[in-house]
Participant: 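Take a look at this one; I'll ask things after.
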Amino acid sequence: LMDYQQERMTEIFKNFENLRVLKLKGLSIPMGFDECIGPLVDLETLDLTYLDAPCKRVADGFVKTNEEQKGKTCATSLRNLNMSEYNSTPMQMGRILSVAVNLRVLNLSNAKNGVTDNVLRLICCRLTNLTHLNLDGCKRLTNWGFVGHDSGSEDTKVQRSSFEDEFEA
């Protein structure tokens, strides 16, 4: 449990601005996560397995731009993201993944409710640099997430509402 005051945590993480790998597996960070990862604009690997932190705070940290670093976010340089067993809403998962466009490795195994068809479609459209994707145990996925239409439908041109609109915040 990271039980420091938010201001203290922010100061600690500012000292790690050159950090390339951060593993927070199993930690509980009830507040301040967005302030902690914001300055880490050179981060390449992030492990959030079993992380206990509010999903909105995590997403806010990913999209927060760092004015000192010319508008970069921590997601800009991220290449490897492990969110296995992370509990998120689809909206916040989509916000995170929509800005992490340089990812090469993404592990969402058993990501509970956060991985839906729309999140998968976003991954397919936005994360074109992926070389490894793990979706083991993501039980909310259907055929539509993989192929863009219901396989049992006679009209395969059935269009759903824009999945990307769901993740704009």
Participant: Measure across L135 and V115 and return the closest heavy-atom pair with its distance rounded to 0.1 Å.
Facilitator: CD2-CG1, 4.2 Å
Participant: Under the side-chain contact (heavy atoms from CB on, under 4.5 Å) rule, collect the residues that match up with S109, sequence neighbours excluded.
Facilitator: S84, N107, N134, D136
Participant: Heavy atoms only: give me the nearest A111-M93 pair and the separation to one decimal.
Facilitator: CB-CE, 4.3 Å
Participant: Please evaluate residues L103 and L78 with respect to the criterion side chain to side chain contact (heavy atoms under 4.5 Å, CB included), reporting the C-alpha separation (whole Å), side-chain torsions for both, the decisive distance (0.1 Å), and the verdict.
Facilitator: CA-CA 6 Å; L103 282 178; L78 203 57; 4.0 Å; yes
Participant: Could you give all pairs that pass the salt bridge (Lys or Arg N to Asp or Glu O under 4.0 Å) test and reach residues 75-93, with sequence neighbours left out?
Facilitator: E85-K112
Participant: Could you measure the distance from the CG atom of L127 to the CG atom of L122? Nearest 0.5 Å is fine.
Facilitator: 6.5 Å
Participant: I'd like to check the salt bridge (Lys or Arg N to Asp or Glu O under 4.0 Å) partners of K56; sequence neighbours left out, ordered by chain and number.
Facilitator: D60
Participant: Specify the closest pair of heavy atoms between D42 and R20, including all atoms of both residues, with the distance to one decimal.
Facilitator: CB-NH1, 2.9 Å
Participant: Would you find a donor on one side and an acceptor on the other, under 3.5 Å apart, between the side chain of S77 and the backbone of L43?
Facilitator: yes
Participant: How long is the gap from CZ on R126 to CG on L97, to the nearest 0.5 Å?
Facilitator: 10.5 Å
Participant: Go through the structure and list residues passing side-chain contact (heavy atoms from CB on, under 4.5 Å) with K25, not counting sequence neighbours.
Facilitator: D47, T49, Y50
Participant: Hey, could you give me the OG1/CD1 distance between T73 and I37, rounded to the nearest 0.5 Å?
Facilitator: 9.0 Å
Participant: Do N87 and N113 have side-chain heavy atoms sitting under 4.5 Å apart?
Facilitator: yes
Participant: State, to 0.1 Å, how close T116 and P90 come at their nearest heavy-atom pair, and which atoms those are.
Facilitator: CG2-CG, 3.5 Å
Participant: Taking all atoms of both residues into account, what is the closest heavy-atom pair of R140 and D117, and its distance?
Facilitator: O-OD1, 4.0 Å
Participant: Establish whether V119 and L141 are linked, either directly or via other cluster members, by ILVMFWY side-chain heavy-atom contacts under 4.5 Å.
Facilitator: yes
Participant: Can you measure from CG (L130) to CG (N102) and round to the nearest 0.5 angstrom?
Facilitator: 10.5 Å
Participant: Go through the structure and list residues passing side-chain contact (heavy atoms from CB on, under 4.5 Å) with V58, not counting sequence neighbours.
Facilitator: F33, L48, L51, A53, F62, Y86, I96
Participant: Calculate, to the nearest 0.5 Å, the distance between atoms CG and CG belonging to L108 and N82 respectively.
Facilitator: 8.5 Å
Participant: How close do C138 and N110 get, counting heavy atoms only, and between which atoms?
Facilitator: SG-N, 4.3 Å
Participant: Would V105 end up clustered with L24 when hydrophobic side chains under 4.5 Å apart are linked, directly or stepwise?
Facilitator: no
Participant: Got a sec, which residues hit salt bridge (Lys or Arg N to Asp or Glu O under 4.0 Å) with R104, two or more places apart in sequence or on another chain?
Facilitator: none
